[in-house]
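Keep in mind that the numbers below use all heavy atoms, side chains included, and drop hydrogens, waters and symmetry copies.
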Protein chains: 2
Amino acid sequence: MKRKTFGPVTSQQVAQIAGVSQSAVSRTFTPGASIAPATREKVLKAARELGYRPNAIARSLNTARSRIVGVVMSYFDNQFYPQVLETLAQKLDELNYHLLLFVGDRDGNVDRIFDQIMQYRVDGIVLASVSLSMELSQECVAAGIPVVLFNRSEESGIVSSVNSDNETAARQIAHFLLAGGHHRFAYVAGIADSSVNQARQKGFTETLHRQGIASVHVVQGNYDAEQTRRAASELFSVSPTPDAVFAANDHMALMVMDVARYEFGLRIPEDVSVIGYDDTGPSGWPSYALTSASQPVEAMVQATVALLMKQIDSGTIEPEQVVVPGQLVVRHSARRPQAGVVEKDGVSLFQLQEVE
Amino acid sequence: MKRKTFGPVTSQQVAQIAGVSQSAVSRTFTPGASIAPATREKVLKAARELGYRPNAIARSLNTARSRIVGVVMSYFDNQFYPQVLETLAQKLDELNYHLLLFVGDRDGNVDRIFDQIMQYRVDGIVLASVSLSMELSQECVAAGIPVVLFNRSEESGIVSSVNSDNETAARQIAHFLLAGGHHRFAYVAGIADSSVNQARQKGFTETLHRQGIASVHVVQGNYDAEQTRRAASELFSVSPTPDAVFAANDHMALMVMDVARYEFGLRIPEDVSVIGYDDTGPSGWPSYALTSASQPVEAMVQATVALLMKQIDSGTIEPEQVVVPGQLVVRHSARRPQAGVVEKDGVSLFQLQEVE
DNA sequence: CTGAAAGCGCTTACAG
DNA sequence: CTGAAAGCGCTTACAG
């Protein structure tokens, strides 16, 4: 019915040249399949001549395994995410899986993307910077597709997630600032209903309240550079001006530092201390030297991939919430407390002896 | 032979429920196929009930179009690339194409990656931060797979590429620095045999030589943070110290600025001017305010996608070398010349009246 | 170890 | 406009 055009080489063609059956060709390229060394050699030789590569698409159709993982990500200007993406691609590659990338609109228009992902019959999905609606989660479970939320979680607990210990870290930051002798606190929030923002805000403000701080000035940065600029301006415009600012992520914290220094002429940390969350590359740059709660990318990605593989291999989906511990990396953007900062492998960390 | 497990819903199942043939289901989901509205409705209803989505993998097998573009990228810590990736994913998505991401080893071990890419029968390939060997290029042409090199090129001209006008921009930078009254020039090189490095180095040094500058201190940053740190240290350690440094990209330029300021206590631009290339996000941050040659990501990606689509649609591969013009964005990391800097849409640009 | 053949889930001439 | 059927390039029981 159709005519064979001069497309890529097929196993059929290789078989012909090698003088074996098409099955033999297939077996040659299927690890563990039973094939005589001699046959194998003939096939490999012919394959080399023709430049044959097995068609992964066709393979997927039989095996019902695409070896593709769909990844939805946004906020590419926040270094944390590209770093995650790079690591994810590498770790998947090691397992011979591949990564189909989708960029999430910030509007959270997941449904359309989700539809696209599903069409490719991915073996698993990683959602970073976007959350999944209840409905879609259900559908994944029904379809038997593992999903893991990366750096976000869902209350229902119906879908797996990997996070750092946001609330604990935020509490630690509160104690760090308290111990550093600060008095007027501010919090630059991320998108209000994002799970990480909630956990960080909760840990921070609750701890402060418990320690007798009556109020925390909360402004919305929404993980967005421009909004953060405005939020920071507001922060430093109304008096009393804060002497300690915790931004829900580094991306916003760096912006806060720039606004403080270059628009308000404030010295950091003499006039105001700034702390972030993520410990991304730029935070370590001397111009910023941002004190920040680390999110161990390597460990978090490792956990993500492990979760995915476990579910793919077992064929069953048992949601798990993984929490990877992080550390408060102390640099120079915040006044240091007298005690509690320890040196470890060349970096300074804050060790909290929390007595709750 | 095989038993149907409870996987995703198939068109067959939808057909059964809708009481139509499987062909009808297929047509319903094939834009432009001839299908009666009434039939279509029945199918859509059944599809909705079952949560049916056409299997893109199976579709690819017939159409010999995967609607997948393979992208090889590295240097994720250089903001330029994530930005490119994000834009690329979005533009492809608009055309209903998808992006399979591969992370290139810095060793340039393209072959293995290439093999993987080919197995998925991608409709096109974008190589950013990695170049293709002659051999592989041939193989792509033979297989009829469009390839475009992004931000790099190949002498042979056998494969398409998209670049900014590296040499012109570098010449402009030389003139800018000359006009700014600098005398001792240095160049922080990227990987020596990368095409963009060569073009930038050539444009810069040749222009300087032609204007009577006897020597330019060239050090190797190799696009790598740590190597750049060392290179910068060397630069500022041997006297006479340069008063003008052009780094082959922003990523290195930022590092040079940090080393100059925080390790050598130099003031920028009073003691030394620094210029970069890419005009990425961090360059605009007040802490750096890096003067930099812009690479218009949007336009470059647009050109890349256009090239790809043209070749995919036509089925023929005619290599094209696209050069997108950029501009020298003037900020505060380099002394400004008396004349030539103009204000445009809120940014300062250097307009060269080159008299060659 | 090997080949013939069924089947994966679609698309698309073909004949109505 | 519609359905039956061939075919896309593989994998994998099955029977030797």
Exercise for the section: Check each residue of residues 22-30 of chain A for a non-hydrogen atom within less than 4.0 Å of any atom in DNA chain D, then write out the ones that pass by number, or none. Expected result: A/Gln22, A/Ser23, A/Ser26, A/Arg27, A/Thr30
Under 3.5 Å, is there a donor-acceptor pair between the [X] and [Y] side chains?
| X | Y | answer |
| --- | --- | --- |
| B/Ser60 | B/Ser66 | no |
| A/Ser161 | A/Ser153 | no |
| A/Gln311 | A/Ser160 | yes |
| A/Asn55 | B/Gln119 | no |

Handout entry: Integer angstrom distance from the C1' of C/dG16 to that of C/dT12
Key = 16 Å
Exercise for the section: Using a heavy-atom cut-off of under 4.0 Å over every strand shown, decide if B/Arg121 touches base, sugar-phosphate, or nothing. Expected result: sugar-phosphate
Please report, rounded to the nearest Å, how far the [atom2] atom of [N] is from the [atom1] atom of [X].
| X | N | atom1 | atom2 | answer |
| --- | --- | --- | --- | --- |
| B/Arg59 | D/dC10 | CZ | P | 21 Å |
| A/Leu61 | C/dT11 | CG | C1' | 12 Å |
| A/Arg67 | D/dC10 | CZ | C1' | 16 Å |
| B/Asn62 | C/dC8 | CG | C1' | 11 Å |
| B/Gln13 | C/dC8 | CD | P | 11 Å |
| B/Gln12 | C/dG7 | CD | P | 12 Å |
| B/Ile57 | C/dT11 | CD1 | C1' | 15 Å |
| A/Leu50 | D/dG9 | CG | C1' | 15 Å |

Exercise for the section: Measure from the side chain of A/Thr63, starting at C-beta and using heavy atoms only, and say which of D/dT11, C/dT11, C/dC1 lies closest. Expected result: D/dT11
Practice task
Kindly state whether the ring of B/Tyr52 and the ring of B/Phe29 have centres lying under 6.0 angstrom apart.
Solution key: yes
[X] side chain near [N] phosphate (N/O to OP1/OP2, under 4.0 Å):
| X | N | answer |
| --- | --- | --- |
| A/Thr10 | D/dG9 | no |
| B/Ser21 | D/dA4 | no |
| A/Ser34 | C/dC1 | yes |
| A/Tyr120 | C/dG9 | no |

Charged N to carboxylate O under 4.0 angstrom, [X] versus [Y]?
| X | Y | result |
| --- | --- | --- |
| A/Lys45 | A/Glu41 | no |
| A/Arg53 | B/Asp115 | yes |
| B/Arg65 | B/Asp313 | no |

Exercise for the section: I would like to know whether A/Phe102 and A/Phe114 meet ring pair (Phe, Tyr, Trp, His ring centres under 6.0 Å); could you show each step before the answer? Expected result: CA-CA 9 Å; A/Phe102 293 84; A/Phe114 190 76; 10.0 Å; no
Fill in the blank from the handout: Where DNA chain C forms runs of at least three Watson-Crick or G-U pairs (i with j, i+1 with j-1, under 3.5 Å), the stems are C:1-3 with D:14-16, C:5-12 with D:5-12, C:14-16 with D:1-3
Practice task
Give a yes or no on whether A/Gln16 atom CD has more than 12 heavy-atom contacts from other residues, nucleotides or ligands under 6.0 Å away.
Solution key: no
Fill in the blank from the handout: By nearest-heavy-atom nucleotide on DNA chain C, the more 5' of B/Tyr52 and A/Arg40 is A/Arg40
